[in-house]
Amino acid sequence: MVNGFSPATLKEALEIRARQQVIPYAGGTDLMLNPNPDAVYLFVNQIAEMKRIVQKDELLHLGAACTYTQLLEHPLTPAILKEAIALIAAPAIRNEGTIGGNIANGSAKADSVLIFFVADASIRLSSLSGERVIPIKAFYQDRKRLDLHDDELITEIILPTQWLEHYYYKKVGARKALAISRVDFAGLMTVKDGRIKHCATAFGAISGVILRRPDLDELLIGQTLAEASRLKAAYLASYAEVIAPIKGRVSAEYRKEVCLNLLEDFLNSNGIR
Ligand SMILES: Cc1cc2nc3c(=O)[nH]c(=O)nc-3n(C[C@H](O)[C@H](O)[C@H](O)COP(=O)(O)OP(=O)(O)OC[C@H]3O[C@@H](n4cnc5c(N)ncnc54)[C@H](O)[C@@H]3O)c2cc1C
């Protein structure tokens, strides 16, 4: 039995959050693994403002309390996000689990968060005293260390959709579904008029936070595919230097090799050979 408040509006929720110590509770799929009988929970899953899905120009605004099932069924959800979500747990978890909960859980294994990283999404943090919109990368200071104030809620994820069409996504786990990822990789590449207009990669589940290095991807942007092929070895070597998986159930060396293979496969699939 868990105790708490079930506000119907965001304003009401933020008032409660400002007034007393509460634990935000969205789907409870992470929280209820270890329920705290003394805690007071703030249930955010009935707040309409946090369940909206709205496209404005090239930005898709996703309410933090959107469940995976809701996103899977929605026509505006980009294919790359649907593909990642479809591999999260099983339908019962997807019916309750939310993207806000996935973000606030603070794990580098969070599958929807990988997509928010590769897309350079931002998140909206709301409190009674105002709002902040910050890049998702800045929200993660370290494993389980988040830039979330005690009076704030994550209310929205703002996803740029311009570069999402041409994607590569792989989740390497023990099983296809119901697997906690061991390595998660997403890559975006857009080639137009013979030149690479956009290149972005992200690696999940290898260290405390998801690895996203736009400074390394920069090497390929603006190049023709032939030029990029000549730079391929240098690009892979720059990632080999920064990919440093922590030891998990599977050895760090194995996971590093998997990461570099996925990166190379991503390049090959885009004609960079
Ligand atoms: C069997 C099983 C399989 C799973 N498989 C996967 C998987 O394959 N991939 C994966 O990524 N995850 C997986 N998970 C983990 C989990 O389902 C996800 O992380 C899910 O997205 C959590 O969302 P939730 O709404 O249930 O979060 P909750 O459990 O409600 O909350 C999680 C954390 O987020 C905080 N929080 C929630 N909403 C907000 C908000 N709006 N603002 C601020 N803080 C907030 C809570 O206080 C808590 O700290 C699995 C879990 C289970 C039990």
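What you see is a predicted model; the values in this text were computed from it and never measured. Throughout, numbering of the chain's residues begins at 1 and tracks the sequence. Every number for a ligand or one of its atoms is a count from 1 in the order of the listing.
Distances shorter than 4.0 angstrom occur between a heavy atom of Lys171 and an atom of ligand 1. Ligand 1 is approached by Lys109 to a heavy-atom distance shorter than 4.0 Å.
Here is the list of ligand 1 atoms found below 4.0 Å of a heavy atom in Thr98: 20 (C), 21 (O), 23 (O), 24 (P), 25 (O). Atoms of ligand 1 lying under 4.0 Å from any heavy atom of Ala110, numbered from 1 in the order shown and given with element: 11 (O). Near Gly27, meaning under 4.0 Å from any of its heavy atoms, are these atoms of ligand 1: 24 (P), 25 (O), 26 (O), 30 (O). Each of the atoms 47 (O) of ligand 1 lies under 4.0 Å from some heavy atom of Ile23. Taking every non-hydrogen atom of Tyr25 and a distance limit under 4.0 Å, the qualifying atoms of ligand 1 come out as 30 (O). In the vicinity of Met50, heavy-atom distances shorter than 4.0 Å reach the ligand 1 atoms 41 (N).
A cation-pi geometry, defined here as NZ or CZ lying under 6.0 Å from the six-membered ring centre and within 45° of its normal, does not hold between Lys137 and Phe139.
Of the heavy atoms in Thr29, both backbone and side-chain atoms come closer than 4.0 Å to ligand 1.
A side-chain donor from one of Thr201 and Tyr239 sits under 3.5 Å from a side-chain acceptor of the other. A side-chain donor-acceptor contact under 3.5 Å links Glu83 and Tyr167. The closest side-chain donor-acceptor pair between Tyr168 and Asn270, if any, does not fall under 3.5 angstrom. Judged by distance alone, the side chains of Asp217 and Tyr235 do bring a donor and an acceptor atom under 3.5 Å apart.
Between Ala104 and ligand 1, no N or O atom pair is found at a separation short of 3.5 Å. Looking at ligand 1, you won't find any N or O of Ile99 less than 3.5 Å from one of its N or O atoms. The N/O atoms of Glu152, backbone and side chain alike, include none that comes under 3.5 Å of an N/O atom in ligand 1. At least one N or O atom of Ile154, backbone or side chain, sits closer than 3.5 Å to an N or O atom of ligand 1.
Aromatic ring pairs are classed by plane angle as parallel below 30°, tilted from 30° to 60° and perpendicular above 60°; the pair Phe203 and Phe185 is tilted.
Between Tyr41 and Phe5, the gap from one ring centroid to the other reaches at least 6.0 Å.
Between Thr67 and Asn95, the shortest heavy-atom contact is CG2-O, 3.4 Å.
Taking a cutoff of 4.0 Å between a charged side-chain nitrogen and a carboxylate oxygen, Arg195 and Asp193 do not qualify as a salt bridge.
Distances from atom 7 (C) of ligand 1 to the heavy atoms of Asp30, Asp111, Leu31 show the closest one on Asp111. Which of Thr155, Leu153, Asn102, Val113 comes nearest to atom 12 (N) of ligand 1 through a heavy atom is settled by distance: it is Asn102.
Contact annotation: the side chain of Thr190 never approaches that of Leu188 to less than 4.5 Å [non-hydrogen atoms, C-beta and beyond].
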